Protein chains: 2
Amino acid sequence: MKLGSLRDGSLDGMPVVVSRDHATAVSARIVVANWQLALEHWSDTSPALESLYVALNKGRAEGAISLQGRVFESPLPRAYQFLDGSAYLNHAELVRKARGAEMPASFLSDPMMYQGLSDQFLGPTDDILAADEAWGIDFEAEIGVIVDRVPMGIAAKDAAAHILLVVLLNDVSLRNLIPGGVAKSFGFIHGKPASAFAPLAVTPDTLGAIWDGGKLHGPVRVDYNGECFGRTDAGKDMNFDFPALIAHAAKTRSLAAGTIIGSGTVSNRNRDAGSSCIAERRMIETIETGAPKTPFMAFGDRVRIEMVDADGQSVFGAIDQRVRQA
Amino acid sequence: MKLGSLRDGSLDGMPVVVSRDHATAVSARIVVANWQLALEHWSDTSPALESLYVALNKGRAEGAISLQGRVFESPLPRAYQFLDGSAYLNHAELVRKARGAEMPASFLSDPMMYQGLSDQFLGPTDDILAADEAWGIDFEAEIGVIVDRVPMGIAAKDAAAHILLVVLLNDVSLRNLIPGGVAKSFGFIHGKPASAFAPLAVTPDTLGAIWDGGKLHGPVRVDYNGECFGRTDAGKDMNFDFPALIAHAAKTRSLAAGTIIGSGTVSNRNRDAGSSCIAERRMIETIETGAPKTPFMAFGDRVRIEMVDADGQSVFGAIDQRVRQA
């Protein structure tokens, strides 16, 4: 299934089941009021949603609408929890290499993760609002999963079964505000405003061969101001897969249904693949030439993030955002 | 008004308006399904809730029930956002003094704050579950406020008007898991499991003289295993008041209605007032004798947190929790 939320003025949006080719949709309101509720009662709601998806793809869903001109919210326009990891250690290694430091050995066995903002996500085509370009505005292309209720202390081997949906996101970062937060040891508040998600959340069975139960495989296409910026493969160089990230998150707490777990910036060791965020390109520039060259985003700059499968079909729809002065 | 949520098996609980003496309550369901919705539409919902509160206090509310034997959830059993500050700098100073370090000057002008877990709070009398006593289980008595929608970039002087409710909470902390998280600069995940809130959220007007628009005044009574542990005054030595904390939180993001902002551990310079968490007592022991003496909580240990007003009346009801092995 492919699930989205159309903008309708409400905080949760209108839940729609979207056709495999992203051309049409049908309201899921005859099943459930919003996706949060569906996730809390997945075994009760998913069969009816599956029926809608099958009918829609056959062109037989009653009340189906064209998606031409419709505006999407993020699949979950808000969530009770977003825990964002940093599972591609190449990224963390480059951070340290650029400042001449070693990556601590513990990073190899213990994932990094922070509690992220989840009270209101941007829609996939919403502007990124910032008061000041000096904040160091950046994008980060990431994969995420949405889980049902996960018990505290779960083992990684049991965690994969809790993954209900897979998503693609832009974890907007304000690079120049991060050091101030980090210096206080309290993580990120100012440096991590609202993320934006690609329009569609997709079930593992619909992903098919590109989902192996723990990782998503395929190129993450990042275009910046119309030019190719990154084509990293989400399935390569991911040091902690999603079941490992879920187990890490749930060590001392259970996770509510609807919790989103992010992968952190997709990053490959192969530098020809490019980068999924400006910060990483700047680190590579620093390592290679002694100084960063690419500036962070200015007002008007545009980032587009999308994944396509082997047939060239968009998997989640596209994130396409501009930066605008608040 | 005093507002609470009774345990009814649902994730949001049953919203009830509670009488001034905490003896009776009336369901708020004739006004709104849950408190999150009420907070999103406060100007529409609060007049009807006020009418219920007035009628209840006069003994004239239809359908009023006795609260004898009823189990409360936290007022918001879950929230879309919990941002927890550390506004009593005496606490941060003691942390540093105990390890022979100076507090950075920036701490005086820029509040510490982290994004906290909010997907499911413990109820005020729920057990604190932990797998291992070696995690360093601790309580932290704090004051919090719940706001309506706050625009990005708000000034502190304009932030007080957004405070709809005041709450009392126990920010449960796993002290021995915090250094591992801090070392990675990503804040707390393992070290900060679910917090518990006192049963009642109270409107500023009902608090009366103990609320000055920015701070709550009065003793925070912390009893540990039946003995007095702390009697700190929440209005003393608070370096950043709630409007300042809200403005800090909203520097680069708007805040959704229902966002909870915590004060951090209430801490007074007067050591006769005791402490609101074990970690602070251990720091004082380290400063005074060279080593900590009081251990963190063991399975079976009990903490009780309550505020009473000048008339001896409980303001929020009591938090009363035991630690239990998960």
Side-chain angles (χ1 to χ4, degrees), chain A residues 11 36-37 40 78-86 92 104 106-107 110-120 129-132 135 149 151-153 172 174 177-194 248-259 326, chain B residues 11 36-37 40 78-86 92 104 106-107 110-120 129-132 135 149 151-153 172 174 177-194 248-259 326:
Chain A
L11 293 173
Q36 175 63 36
L37 272 170
E40 288 164 9
R78 56 181 177 169
Y80 288 102
Q81 185 158 251
F82 172 37
L83 293 166
D84 198 13
S86 186
S106 69
F107 279 38
D110 192 44
M112 287 176 280
M113 186 172 280
Y114 70 93
Q115 184 98 29
L117 172 166
S118 64
D119 64 320
Q120 38 189 358
L129 289 173
D132 194 342
W135 286 353
R149 186 175 167 78
M152 177 162 95
V172 177
L174 303 171
L177 301 184
I178 287 179
V182 166
K184 293 204 169 69
S185 310
F186 269 43
F188 320 112
I189 297 286
H190 293 164
K192 292 284 186 183
H248 182 82
K251 178 176 170 176
T252 65
R253 54 170 77 177
S254 59
L255 310 177
T259 292
Chain B
L11 292 173
Q36 176 63 36
L37 272 170
E40 288 164 9
R78 55 181 178 170
Y80 289 101
Q81 184 158 251
F82 171 38
L83 293 166
D84 198 15
S86 185
S106 69
F107 280 38
D110 192 44
M112 287 176 280
M113 186 172 282
Y114 70 93
Q115 186 96 32
L117 170 167
S118 64
D119 64 320
Q120 38 189 359
L129 288 173
D132 194 342
W135 285 353
R149 185 174 169 78
M152 178 162 95
V172 176
L174 303 172
L177 301 184
I178 287 178
V182 166
K184 293 205 171 67
S185 310
F186 269 43
F188 320 112
I189 297 284
H190 292 165
K192 292 284 186 182
H248 181 82
K251 178 176 171 176
T252 64
R253 54 171 79 178
S254 60
L255 309 177
T259 292

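Reminder, nothing fancy here: chain letters follow the sequence lines and each chain counts from 1. Quick caveat: nothing in here was measured; it's all calculated off a predicted structure.
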Among E40(A), M113(A), M152(A), which residue has the highest count of heavy-atom pairs closer than 4.5 Å to chain B?
M113(A)
Would you indicate whether the side-chain heavy atoms of F82(B) and Q115(A) approach each other to under 4.5 Å?
no
For chain B, which candidate among T259(A), L117(A), D84(A) shows the most heavy-atom pairs at distances under 4.5 Å?
L117(A)
Okay, P111(A) and chain B: the region with an atom under 4.5 Å from a heavy atom over there is backbone
Taking the side chain as every heavy atom from C-beta outward, state whether F188(A) and F186(B) have any atom pair closer than 4.5 Å.
yes
With a 4.5 Å limit on heavy-atom distance, are the side chains of T252(A) and K192(B) in contact?
no
Contact part of D110(A) toward chain B, heavy-atom cut-off under 4.5 Å: side chain, backbone, both or neither?
both
In terms of relative ring orientation, are H190(A) and H248(B) parallel, tilted or perpendicular, with 30° and 60° separating the classes?
tilted
State whether the side chain of D119(A) and the backbone N or O of A256(B) hold a donor-acceptor pair below 3.5 Å, judged by distance alone.
yes
Of the listed A79(B), A92(B), A194(B), S106(B), the one with the largest count of heavy-atom pairs under 4.5 Å with chain A is A79(B)
For A249(A) and I189(B), work out which heavy atoms get closest and say how close.
O-CG2, 4.3 Å
Most contact-rich option vs chain A, by heavy-atom pairs under 4.5 angstrom, among I178(B), L177(B), L255(B), is L255(B)
Is a side-chain donor-acceptor pair under 3.5 Å present for Q81(B) with S118(A)?
no
State, to 0.1 Å, how close Y80(A) and R78(B) come at their nearest heavy-atom pair, and which atoms those are.
CE1-NH1, 3.3 Å
